[in-house]
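First the proteins, then the strands, lettered A, B, ... as listed; each starts at 1.
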Amino acid sequence: MATKFSLAELMAVASSRQIQDGEIAFIGTGLPMLGAMLAKALHAPNAILIYEAGIVDARPKRTPVSIGDGCLVPGAAMCCGLTEALGTILQRGWVDVGFLGAAQINKYGDINTSVIGDYYHPKVRLPGSGGGNDIGSLAKRTVIMMAQDKRKFVEQVDYITTPGWLGPPGTREAAGLPRGGPAKVITNLGIYAFDENREIYLESHHPGISIEKIKQNVSWEIAISPDVRETEPPTDEELHLLREQFDPQGIFLGGRE
Amino acid sequence: MATKFSLAELMAVASSRQIQDGEIAFIGTGLPMLGAMLAKALHAPNAILIYEAGIVDARPKRTPVSIGDGCLVPGAAMCCGLTEALGTILQRGWVDVGFLGAAQINKYGDINTSVIGDYYHPKVRLPGSGGGNDIGSLAKRTVIMMAQDKRKFVEQVDYITTPGWLGPPGTREAAGLPRGGPAKVITNLGIYAFDENREIYLESHHPGISIEKIKQNVSWEIAISPDVRETEPPTDEELHLLREQFDPQGIFLGGRE
Amino acid sequence: MHRIRKVSSKIMSEREAVETFVVDGIRLRSGGIGLRKPFALINETIRQRRKNITFILSGFTEDGDVMVGAGVASQLEGSYFGLEALGLAHNYRRAYEQGIPLKIKIEEYSNYGMTARFMAAAMGVPFMPVKSHLGSDLVRYHAFREKKAHLMEDPFSGEKVMLLPACPVDVAFVHAQRCDEDGNVQIWGPIGDDEWGARAAQQVVVEVEEIVDSEIVRRDPNRTILPSFMVSAIVIAPYGSHPYQCQGYYDLDLEYRKMYAEVTRTREGFERYLEDWVYGPGSHQGYLEKLGKDRLDRLRAKPYMSDPVNYGY
Amino acid sequence: MHRIRKVSSKIMSEREAVETFVVDGIRLRSGGIGLRKPFALINETIRQRRKNITFILSGFTEDGDVMVGAGVASQLEGSYFGLEALGLAHNYRRAYEQGIPLKIKIEEYSNYGMTARFMAAAMGVPFMPVKSHLGSDLVRYHAFREKKAHLMEDPFSGEKVMLLPACPVDVAFVHAQRCDEDGNVQIWGPIGDDEWGARAAQQVVVEVEEIVDSEIVRRDPNRTILPSFMVSAIVIAPYGSHPYQCQGYYDLDLEYRKMYAEVTRTREGFERYLEDWVYGPGSHQGYLEKLGKDRLDRLRAKPYMSDPVNYGY
């Protein structure tokens, strides 16, 4: 159990643990895809993974590099389009958990993937919503995965691409969103959840990451759970599957530490 | 050319002549289906026939008994559903000519296929719209085919299932309908068109049917074209195709006269 | 890459499926337009003498007529109620005009109107805009829905547009060619509005010609119309659409349809029909036995095969 | 039962198709999500140095980036503008942040928002209701559309719903596996929103891996995505999606995509890329020759065949 692991591997494993058996999970590219495959191989064999391009319950034989990668199709239960995946599955309310990336996040879990700086004259123009706004609006709960620093955990995001809780209880509902909201945020430093005021707090810090370091990487006074603990490390089996089966080329996991 | 023919055969042939080469025609069951097949075999080889259940450019090898008959599928160019046929083809504005049946019609070509009598306590409950309301609302023009008598050609229909012109010029447009309107009415007695006031008038009477008889079978003073003529009879070739190829069992044409 | 997984089976008899999912008073959707009508499940629903069903479809034919005549459906939502080339639907007329066997109400839309309403429900939005219905009496008279439609001006262009409310469905019956054990359902030939109508439902009960190995389904995933998680129960019902067609499996039974149109002209004739063809046979299997092997064999589809396509990468 | 018919051919070279249908200033839709991107037509559009194009899609990757970098697209409507696993889109960033080669505007929706907008246009209605976009800045900031979205209360339930306007398209590019001579187009594998996006267009220019006998298409009519009358031009472009995949024909060329992501980091690198891979080869055929037979053979898809199904009755 003393196997070394990278933070990318830890994040992939942490995302896998967010999927319960039998759940329907909406998957984007990258670490959550690896996490989802891991979940299905281990503790959630009856989970059904939906890929945004319109692929249901895929059985890929290599690491998919996009949500529409043709390697997801042979052996899938259903192959359709965005209307089916985002409309009749996601918007209709079938999706238990969706995964999101973020460039900026605020304490209510609202996220920005569009611009850094002024919207019309930004410092950095980012990719935009993609399916993010839909997933954040319409999945029963979301898990946000992102790199963390002070400029990413901010009091006010420069642009709300995807709504989180939007404010205290009632705010999200008042906007007309039918369900959902962020449940967890997984970063390279720790794992966060949301309290009854729908504000983010630290639930666990990754092995080797101090709470002090986490505080330094949030631009407000981050709340800490009284039960804060260290993030459960990956098991050997998880690491083995990730490295040998799901991403042997290191496309998403990168080089080993 | 002196071959005898039935009024059903004459109506089928008349409907066939309403389809121009290269047009897209929206087809229901019955005589218009025979007429459309006839048109495609003779003067309109490039016409494309759309069957409401979602079948495009079928090549049936027997007489279809319904708009979703499986005999329409083998050899069709496309097989889909109502959303494609009624939404992306008809409502989108692709259909040049659509065919409609009617139990009652008024002088503006508004038709009733729902009830005879009071809506809530009718004398006769009829099948209702089916796709009729959609075709009458959304095809570029429609051809109405019906049996004619005084109780069917009425000043006021008991219920407007499918809008015709709805009133003088501007009325249909004011209702918000994007295009279309009735072009012809083909009955067992004659063929009718609509004038610049959008009112119906007699264009031709069928062979053997007097104008007097037609007047007796309209409940208002029907306008008569100054150029009124006898309806062109079917050719031998048309009758041959109808009888030998398209409806050899007489499912829609009935017994021979 | 995946471990074998086992889910509790959704496969059940038509009796068990109707007992479990069809309760009095629900909103139940029939299926198929012109073919693939779910008669095995409809006949079983009549046998179990359900009441006060709101029966829903765009194009009702014998499916709606028999449910009305048997006293199961007391409300209809749809757009067409007749026997196509075979004439008017007699039970439906008797019920609406004379209250025999009971008074029914009908909420009437067009075919596309119903399809649009299924689309809205299937996509989780409250309505769908359409450009038909405008100027007609379809939106002027209503039966049991408080608000049947809403005329509005498009906020972008000012043009008129009709909003039709989503059509909620408690249970949808679907007749399909095949599914796998998990309930991934495949259909070909005319789809009608089964894709949207089924996805609109809270529960889907599917009757299939056959259950095939999951690998067959997964070798052609573009044919899948419903993913397993949308399907609550699977009933194996070969010839379950009889007297209607199922593309690739059997043709329509025109003689049967003519017989139905004829005997239902009188209430007595219809009651005899119910005894002979619904109650009497006791099950779909009994119904097939009454039809007889020869008759079913004569209806069997001739081969007209598609070509394989390559899904490789 | 039918006479042979002959229509004037829609088959033309990519040069002729772009000359005929793509004029300066139009609203042009790209195609494919994750695969089947219409690069043969996109590269030709760049070669013909079109200007002021409003380029439209939900998920832009290299297709949007190269059109912006080449100065062809000055406006974008879409939801994602990046290179997926390969990082940010550099031309797009340079244009938006620094006005190199020109200042561009972006009207930003979500993926589903764009799909819903294509659906509305494809079905001839002025808008589509969605339950996303609510509470976000997507509807608060706009670029060049006067009215980007409309928040309303559902007249049936009172709940909030967002109306998104139909997305009009002058010309849609589609990359498909095959069509027949008439232009009945078949696609399998992920469909993205090509079905709706193409039907939204006034003109569809389709590039296909191959033209097949009409009988092959007509033996499997459920695979047809576009009927012939919606298709204006057919370009035969094997490997036309390179470096993206086409299910059943070839895999993605990850090395090429990595090369693109790398060289486009600088404007000079991108200009060299345009010279080497777009202008220089002169045509899609020239592009394929530059890639070389060995490289293309290595990408060729392995067989993973579907089974025939019976369409008989």
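Distance check, rounded to the nearest 0.5 Å: OH of C:Tyr313 to CZ of A:Arg62 gives 5.5 Å. Rounding to the nearest 0.5 angstrom, the gap separating the CZ atom in C:Arg223 from the SG atom in A:Cys80 is 15.0 Å. Atoms OG and CD1, from C:Ser228 and A:Ile24 in turn, are 8.0 Å apart once rounded to the nearest 0.5 Å. Rounded to the nearest 0.5 angstrom, C:Arg199 CZ and A:Thr88 OG1 are separated by 4.0 Å. Atom-to-atom distance recorded for C:Arg218:CZ and A:Asp57:CG is 4.5 Å, nearest 0.5 angstrom.
The minimum heavy-atom distance linking C:Tyr311 with A:Pro74 is given by the pair O-CG, 3.3 Å. When every heavy atom of A:Gln91 is checked against every heavy atom of C:Val125, the shortest pair comes out as NE2-CG1, 3.4 Å.
Contacts between C:Met230 and chain A at a heavy-atom distance below 4.5 Å involve backbone atoms as well as side-chain atoms. Neither the backbone nor the side chain of C:Arg219 comes within less than 4.5 Å of any heavy atom of chain A. Proximity to chain C is limited to the side chain of A:Val56, based on heavy atoms less than 4.5 angstrom apart. In this structure, chain A has a heavy atom under 4.5 Å from the side chain of C:Glu215, while its backbone stays farther away. For A:Ile50, the part sitting under 4.5 Å from any heavy atom of chain C is the side chain, from C-beta outward, and nothing else.
C:Asn222 places a side-chain N or O within 3.5 Å of a backbone atom of A:Cys79 that can act as its donor or acceptor partner.
Residue with the most contacts toward chain A among C:Pro221, C:Ala122, C:Pro227: C:Pro221 (heavy-atom pairs, distance under 4.5 Å).
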